[in-house]
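Report on one structure; see the data block that follows.
This structure is a prediction, so every number in the text was calculated from the model and none was measured. Naming convention: chains lettered A, B, ... in sequence-line order (proteins, then strands); numbering from 1 in each chain.
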Amino acid sequence: MKSVEEQFEYLKKGSVEIIQENELKQKLARSIKEKKPLKVKAGFDPTAPDIHLGHTVLLRKMKHFQDLGHSVVFLIGDFTGLIGDPSGRSSTRPPMTREEINKNAETYKAQIFKILDHKKTIIDFNSRWLGKLTSFDIINLTAKYTVARILERDDFSKRLKTGQPISTHEILYPLMQAYDSVALEADVELGGTDQKFNLLVGREIQREFRQEPQVVMTMPLLEGLDGVEKMSKTLDNYVGITEPPGEIFGKIMSVSDPLMFRYYELLTDESLSRIENWRKEAKEGQVNPKDLKSKLARTIVADFWGEKEAEKAAGEFERVFKKRELPSEMEEITVKPAEVLLLDLMVDKNIFPSRREAKRVIRQGGVYLDGQRIEDIQFKIDMKKESEVFLKVGKKKFYKIKKA
RNA sequence: GGGCAGGUACCAAAGUGGCCAAAUGGGGCGGGCUGUAAACCCGCUGCGGAAACGCUUCGGAGGUUCGAAUCCUUCCCUGCCCA
């Protein structure tokens, strides 16, 4: 088993803040002495079970704890999900059914073990204890914290200042999450930096329940593909880990150079010094940033799909976007052997949501048939004569039109 | 309970009887440049129509008017102040 210092260094890497560092060391020391793994908690929202790269920053840290033999609880906030974490602008959510929650939990399971160790992961639901609290218990819990302290939370105070609504149940969220730590007797809680407040309330509430407060460890929030907002599904700036290799590859290739280095830092095991070196080389023109980006994209694809797929995605990318050849696989559209308006065809096959939009894109020169730009919205395609035609829409959409 | 200010398109926000399918910014989409980079530049961005034009939209419902996002009634929602 590794020493306290070794463990501590391994765990600290990549984190933004550890509150308190010496408490973590003490806990680690005790864990070694008593041969008792630490209980590490991280909560996840049950409503969005699509794991994206943003989540993997946290999952990778959970994995680090597992590597050191600690016990990790992947907590699905099915009860708190009813409230919806007020971090960010989300408002009240419709209650989820048991089936939906279970289904989402299964989806989680299918994804997280691409990173986490199956054997060392406990999956739990906070409805297990929160659902049993009586109104008496809840009042008791709320009595342990003051409104002023809850409202200290950055986004609450901001909303208050800007006149945004805050519903009463939302201020319960931090307390509920804190109670999770009590119920689990968590030694450590992991979360993004946006979770800092909630995690700290956990410490306070644990004290109130006469438990040793958990160590709070925050991880950086990964910026989304736009490089500004944090990666999230609602902003559609994410890379889902179950997306097809080509898709992941393409998305990574489209990020800006500064963001590329950030991704190297947070999503790969490359050392900081090596990344720094690349940054310098790219700046001085010794390395083409594109090659670094391609390497990054390959690494990330390989994490979720394996080397072989990563290689394939890279080759495909070169072919389609550098050599401007057709992708090796594309969506097939079958059409009856008749003469039809291309416009009609594209709307029928749901390539566009409305005829107006389809017309717009044609007029703006975004539609190609067999490499030939089509600008006439009246263009007819004669599937009596053709057997196979390649349709390109915008930069990224390719279709193979076949005769039925 | 009383008073005041608000609710406009994906988001923010202007518009207070016709010139409003609704300024502007962001986002999105298409094009150009490129490394499918980013940044930048140009265009588009309710629906139907080749077009002319038509249709539906400004919290909900109803009304006034030749004509309503704009005026009135009522209901719902939000913020602030007072109690």
To the nearest Å, how far apart are [X] [atom1] and [N] [atom2]?
X	N	atom1	atom2	value
A/Gln378	B/rG49	CD	C1'	10 Å
A/Glu375	B/rC44	CD	P	15 Å
A/Gln164	B/rA13	CD	P	9 Å
A/Leu343	B/rG48	CG	C1'	12 Å
A/Phe352	B/rG48	CZ	C1'	17 Å
A/Glu229	B/rA12	CD	P	14 Å
A/Leu225	B/rA38	CG	C1'	12 Å
A/Glu357	B/rU45	CD	P	11 Å

query = So A/Phe44 and A/His55, would you call those rings parallel, tilted or perpendicular, with 30° and 60° as cut-offs?
reply = tilted

inquiry  = Tell me whether A/Gln20 at atom CD has more than 12 heavy atoms from other residues, nucleotides or ligands lying less than 6.0 Å away.
reply    =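 Yes, because the 6.0 Å sphere around CD of A/Gln20 holds more than 12 heavy atoms from other groups.
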
request  = Verify the neighbour count for atom NZ of A/Lys280: are there more than 12 heavy atoms of other residues, nucleotides or ligands below 6.0 Å?
outcome  = no

Considering only [options], which nucleotide approaches the side chain of [X] most closely?
X	options	answer
A/Gln364	B/rC44, B/rU36, B/rG49	B/rC44
A/Ser354	B/rG31, B/rG48, B/rC44	B/rG48
A/Val361	B/rG35, B/rG30, B/rA50	B/rG30

task = With RNA chain B as reference, determine whether A/Glu247 or A/Gly365 sits nearer its 5' end, using the nearest nucleotide of each.
result =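 Closest to the 5' end, via its nearest nucleotide, is A/Gly365.
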
remark   = On RNA chain B, more 5' by nearest nucleotide between A/Gly366 and A/Val347 is A/Gly366

Could you work out the separation of [N] and [M] based on their [atom1] atoms and round it to a whole Å?
N	M	atom1	value
B/rC40	B/rG25	P	14 Å
B/rA83	B/rU74	P	28 Å
B/rA22	B/rU57	P	16 Å
B/rC20	B/rG6	P	23 Å
B/rA69	B/rA13	C1'	14 Å
B/rU78	B/rU24	P	33 Å
B/rG63	B/rC19	P	23 Å

Check: protein-nucleotides 20-27 of chain B nitrogen or oxygen pairs below 3.5 Å:
none

State plainly whether the residues [X] and [Y] are in salt-bridge range, i.e. N to O under 4.0 Å.
X	Y	value
A/Glu21	A/Lys12	yes
A/Lys63	A/Asp67	yes
A/Asp137	A/Lys132	no

I'd like to check [X] versus [Y] (side-chain heavy atoms, cut-off strictly below 4.5 Å). Are they in contact?
X	Y	answer
A/Tyr399	A/Met330	no
A/Asp187	A/Val215	no
A/Thr56	A/Lys114	no
A/Leu225	A/Tyr263	yes
A/Tyr179	A/Leu133	yes

Does any residue of [range] have a heavy atom under 4.0 Å from RNA chain B, and if so, which ones, in number order?
range	value
residues 307-316 of chain A	none
residues 296-305 of chain A	none
residues 391-399 of chain A	A/Gly394, A/Lys395, A/Lys396
residues 256-268 of chain A	A/Ser256, A/Asp257

task = If a protein heavy atom is under 4.0 Å from the base, mark B; if only from the sugar-phosphate, S; if neither, -; do that for nucleotides 1-10 of chain B going 5' to 3'.
result = ----------

ask   = Is it the case that A/Lys295 places NZ or CZ above or below the six-membered ring of A/Tyr264, under 6.0 angstrom from the centre and within 45 degrees of the axis?
value =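 Geometry flag: not set, cation outside 6.0 Å or 45°.
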
query = Is there any side chain to side chain donor-acceptor pair (under 3.5 Å) pair reaching into residues 337-355 of chain A, and which pairs are they, with sequence neighbours excluded?
reply = A/Asp344-A/Arg355

message = If the test is side chain to side chain donor-acceptor pair (under 3.5 Å), which one of A/Lys39, A/His64, A/Gln7, A/Lys27 qualifies with A/His70?
response = A/Gln7

query = Side chains of A/Ser181 and A/Lys41: donor-acceptor distance under 3.5 Å anywhere?
reply =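 Yes, A/Lys41 and A/Ser181 have a side-chain donor paired with an acceptor closer than 3.5 Å.
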
query = Does a side chain donor of either A/Gln111 or A/Thr242 reach within less than 3.5 Å of an acceptor in the other side chain?
reply = no

Phosphate OP1/OP2 of B/rG49 contacted by A/Arg355 side-chain N/O (<4.0 Å) = yes

query = Looking at A/Ser254, does any N or O in its side chain come under 4.0 Å of the phosphate oxygens OP1/OP2 on B/rA38?
reply =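 For B/rA38, OP1/OP2 do not have a side-chain N/O of A/Ser254 under 4.0 Å.
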
request  = Among residues two or more places apart or on two chains, list those pairs meeting salt bridge (charged side-chain N to carboxylate O under 4.0 Å, His left out) that have a residue in residues 367-379 of chain A.
outcome  = none

Examine distances only and state if a side-chain atom of [X] and a backbone atom of [Y] form a donor-acceptor pair shorter than 3.5 Å.
X	Y	result
A/Glu247	A/Gly240	no
A/Asp78	A/Phe125	no
A/Gln66	A/Lys120	yes

Would you be so kind as to tabulate the donor-acceptor pairs closer than 3.5 Å made by side chains of residues 382-394 of chain A, with sequence neighbours excluded?
residue	atom	partner	partner atom	Å
A/Asp382	OD1	A/Lys384	N	3.0

ask   = By side-chain contact (heavy atoms from CB on, under 4.5 Å), which residues pair with A/Glu204, not counting sequence neighbours?
value =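 For A/Glu204 the side-chain contact (heavy atoms from CB on, under 4.5 Å) partners, ignoring immediate neighbours, are A/Tyr145, A/Arg149, A/Arg207.
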
task = Searching all strands shown, indicate the nucleotide that pairs with B/rG46 (Watson-Crick or G-U wobble; both distances under 3.5 Å).
result =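 Matched B/rG46 with B/rC55 under the 3.5 Å cut-off.
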
ask   = Mind checking who B/rC40 pairs with, Watson-Crick or G-U wobble, both distances under 3.5 Å?
value = B/rG32

Under-3.5 Å N/O pairs linking protein and nucleotides 51-57 of chain B:
residue	atom	partner	partner atom	Å
B/rA51	OP1	A/Arg363	NH2	3.0

Kindly list each side-chain donor-acceptor pair under 3.5 angstrom involving residues 310-328 of chain A, sequence neighbours excluded, with atom names and distances?
residue	atom	partner	partner atom	Å
A/Glu316	OE1	A/Arg319	NH2	2.4
A/Glu316	OE1	A/Ser328	OG	2.9
A/Glu316	OE2	A/Ser328	N	2.7
A/Glu316	OE2	A/Ser328	OG	3.3
A/Glu318	OE2	A/Lys290	NZ	2.8
A/Arg319	NH2	A/Ser328	OG	3.4

